[in-house]
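Please read the structure below before turning to the comments.
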Amino acid sequence: MSRETLSFPPTSIPPLEPYLPLTSPSPSSKPHLTLTYATSLDASLTLAPGVRTTLSGPYSKSMTHYLRTRHNAILVGCTTALIDNPALNSRLGSITSLDQQPRPIILDPKGRWDFTEDSQVIRLAAEFKGKGPWVVTKRGGETKERGELLERVGGKFLFLETGEDGRFKWGDVLSVLGEQGVRSVMVEGGGEVINSLLIDPENRLVDSVIITIAPTWLGKGGVVVSPSRQQGQTSQLKLRDVSWQPHGEDVVLCGRILRS
Ligand SMILES: NC(=O)C1=CN([C@@H]2O[C@H](COP(=O)(O)OP(=O)(O)OC[C@H]3O[C@@H](n4cnc5c(N)ncnc54)[C@H](O)[C@@H]3O)[C@@H](O)[C@H]2O)C=CC1
Ligand SMILES: Nc1nc(O)c(N)c(N[C@@H]2O[C@H](COP(=O)(O)O)[C@@H](O)[C@H]2O)n1
């Protein structure tokens, strides 16, 4: 896979700044959570489950790589890790040190992510082009061999209990990351991760939303962002403080969730 070098123009940074984590956050507050992903006009992340689909054009892609440098961590679900074999680092040419790279976090309660030393995120960590991943799992989701491989590249397992639905509570995920010194996390997807975050009953965990909208329809049958309506829910889940910025042929929507 090609390892391109990207650049993001400094003039494009100011409109994003209000939605980004503070550079000196209070250590006691919960980590800043930015929800960010690329979607089609019909709210699809991919053409079909199991199919990695490129939506971002070159300009919005470089924005995503800039956003990765502005967060301590980047989080995806284990299906994304399995299907995409993602790099989860920033390939901006301006990066000069590993400190500027985000920590990859994979939510994997059942230990389904079967990573090896050939997995991109592991290989890049071994080459100091990215940080070693932290895999959030339930006790029993780890193996000794995988634990050793993670340790060799500076990663580790973090353990959490799941609820009856087999999921972690998002508040618990942020607490465990906060205890590890993470002050900001960029949640990239996939669909289950995003939808489970958006149905969080209090909606107090997502600090900002930065969505790339690509000028394409993927059609029915893809992985869609559409959170289940909660029992008795009559209100819409809306954004406030909205701004729209063109990035090449894509448009980037920034906002914060409006709390009722
Ligand atoms: N267009 C875009 O920006 C992005 C697209 N994708 C695409 O999304 C697709 C994968 O999406 P999905 O199938 O929905 O899977 P997913 O990537 O959301 O992973 C789902 C898995 O993550 C774990 N998980 C999710 N939420 C959890 C929670 N609250 N607690 C504990 N574990 C949790 C579970 O093991 C679950 O089976 C891939 O095809 C990928 O290419 C992924 C990220 C961004
Ligand atoms: N911003 C964005 N645009 C797209 O078109 C995408 N398909 C994604 N996908 C996310 O980025 C991850 C891949 O990252 P690497 O380039 O391998 O570092 C992928 O796993 C999704 O999380 N994002």
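Read the numbers this way: they start at 1 and go in the same order the structure lists the ligands and their atoms. Values below: every heavy atom of this structure, side chains too, minus hydrogens, waters and symmetry copies. Note that the numbering runs from 1 along the sequence shown for the chain. Keep in mind that this is a model prediction, so the values were computed, not measured.
Listed here is the closest heavy atom pair of S56 and K61: CB-N, 4.0 Å. Residues L237 and L198 share a closest heavy-atom pair of CD2-O, 3.6 Å.
Close contacts between ligand 1 and Y37 involve ligand atoms 3 (O) [criterion: under 4.0 Å to a heavy atom]. Near W170, with a cut-off below 4.0 Å to any heavy atom, the atoms of ligand 1 are 29 (N). Numbered from 1 in the order shown, with element, the atoms of ligand 2 that lie under 4.0 Å from a heavy atom of A87 read 15 (P), 17 (O), 18 (O). Residue S56 has at least one heavy-atom neighbour below 4.0 Å for each of these atoms of ligand 2: 1 (N), 2 (C), 3 (N), 4 (C), 5 (O). Atom numbering of ligand 2 starts at 1 in the shown order; those under 4.0 Å from a heavy atom of T54 are 5 (O). Within ligand 1, counting atoms from 1 as listed, the ones closer than 4.0 Å to a heavy atom of F168 are 28 (C), 29 (N), 30 (N), 31 (C). Heavy-atom contacts of L107 reach the following atoms of ligand 1: 22 (O), 23 (C), 27 (C), 28 (C), 33 (C) (cutoff under 4.0 Å).
Between the choices L75, V223, I211, V193, the shortest heavy-atom distance to atom 18 (O) of ligand 1 belongs to V193. The residue among K138, K110, R167, E192 with a heavy atom at the shortest distance from atom 14 (O) of ligand 1 is E192. When the heavy-atom distances from atom 22 (O) of ligand 2 to R52, E188, M186 are ranked, the shortest goes to E188. Scanning T79, T162, T80 for the heavy atom closest to atom 13 (O) of ligand 1 points to T79.
Contact check for T212 versus Y37: no side-chain heavy atoms found under the 4.5 Å cut-off. Counting heavy atoms from C-beta on, the side chains of K129 and R123 never come closer than 4.5 Å. With contacts defined as side-chain heavy-atom distances shorter than 4.5 Å, the pair L33/L197 qualifies. Within the 4.5 Å cutoff, no side-chain heavy atoms of P102 are placed close to those of K131. Residues I74 and N89 fail the side-chain proximity criterion, which asks for heavy atoms closer than 4.5 Å. Contact check for V176 versus W134: no side-chain heavy atoms found under the 4.5 Å cut-off.
Residue Q120 has no N or O atom closer than 3.5 Å to an N or O atom of ligand 2. At a 3.5 angstrom cut-off on N or O pairs, G50 does not count as close to ligand 1. At a 3.5 angstrom cut-off on N or O pairs, T80 does not count as close to ligand 2. Looking at R112 next to ligand 1, an N or O pair under 3.5 Å apart turns up. Ligand 2 has an N or O atom lying under 3.5 Å from an N or O atom of R91, backbone or side chain. Of the N or O atoms in D84, one or more lie within a sub-3.5 Å distance of an N or O in ligand 1. Polar contact with ligand 1: absent for G189 (N/O pair, distance under 3.5 Å). Between L55 and ligand 1, no N or O atom pair is found at a separation short of 3.5 Å. Considering backbone and side-chain atoms together, N85 places no N or O closer than 3.5 Å to any N or O of ligand 2. Looking at A38 next to ligand 2, no N or O pair under 3.5 Å apart turns up. Where the criterion is an N or O separation shorter than 3.5 Å, residue side chain and backbone included, L55 meets it with respect to ligand 2. Distances between N or O atoms of G191 and those of ligand 1 include at least one value under 3.5 Å. Considering backbone and side-chain N/O of Y37, none are found under 3.5 Å from N/O of ligand 2. Checking only distances, P86 never comes within under 3.5 Å of ligand 2, N or O to N or O.
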Where do K30 and D207 land on the salt bridge (Lys or Arg N to Asp or Glu O under 4.0 Å) test, with the steps shown first? CA-CA 10 Å; K30 89 161 181 64; D207 294 285; 2.6 Å; yes
Kindly indicate, with the supporting measurements, whether the criterion side chain to side chain contact (heavy atoms under 4.5 Å, CB included) is fulfilled by F8 and H247. CA-CA 11 Å; F8 188 60; H247 283 258; 3.9 Å; yes
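I257 contributes atom CD1, which lies 13.5 Å from atom NZ of K238 (distance to the nearest 0.5 angstrom). Taken from CG in L75 to CH2 in W170, the straight-line distance is 5.0 Å, to the nearest 0.5 Å. Atom CG of N72 is separated from atom CZ of R103 by 10.0 Å, given to the nearest 0.5 angstrom.
No hydrogens or angles considered: nothing links the side chains of S44 and D42 as a donor-acceptor pair under 3.5 Å.
Partner R70 forms a side-chain contact (heavy atoms from CB on, under 4.5 Å) with one of M186, E17, Q100 and no other, that one being E17.
The residues E142 and K156 are annotated as not salt-bridged, no charged nitrogen and carboxylate oxygen being separated by less than 4.0 angstrom. A salt bridge links K144 and E148; the closest N-O separation between the charged side-chain nitrogens and carboxylate oxygens is under 4.0 Å.
For P109, the heavy-atom gap to ligand 1 drops under 4.0 angstrom. Ligand 2 lies less than 4.0 angstrom from a heavy atom belonging to T64. Within the structure, ligand 1 lacks V76 among the residues with a heavy atom less than 4.0 angstrom away.
Here S196 has side-chain heavy atoms under 4.0 Å from ligand 1, and that is the only part of it that gets that close. Using a 4.0 Å cut-off between heavy atoms, E188 contacts ligand 1 through its backbone alone, with no side-chain atom that close. At a 4.0 Å heavy-atom cut-off, ligand 1 touches L45 through backbone and side chain alike. When heavy-atom distances to ligand 2 are checked against a 4.0 Å cut-off, T53 comes that close only through its backbone atoms N, CA, C and O.
In this structure a side-chain-to-backbone donor-acceptor pair under 3.5 Å is present from Q120 to N85.
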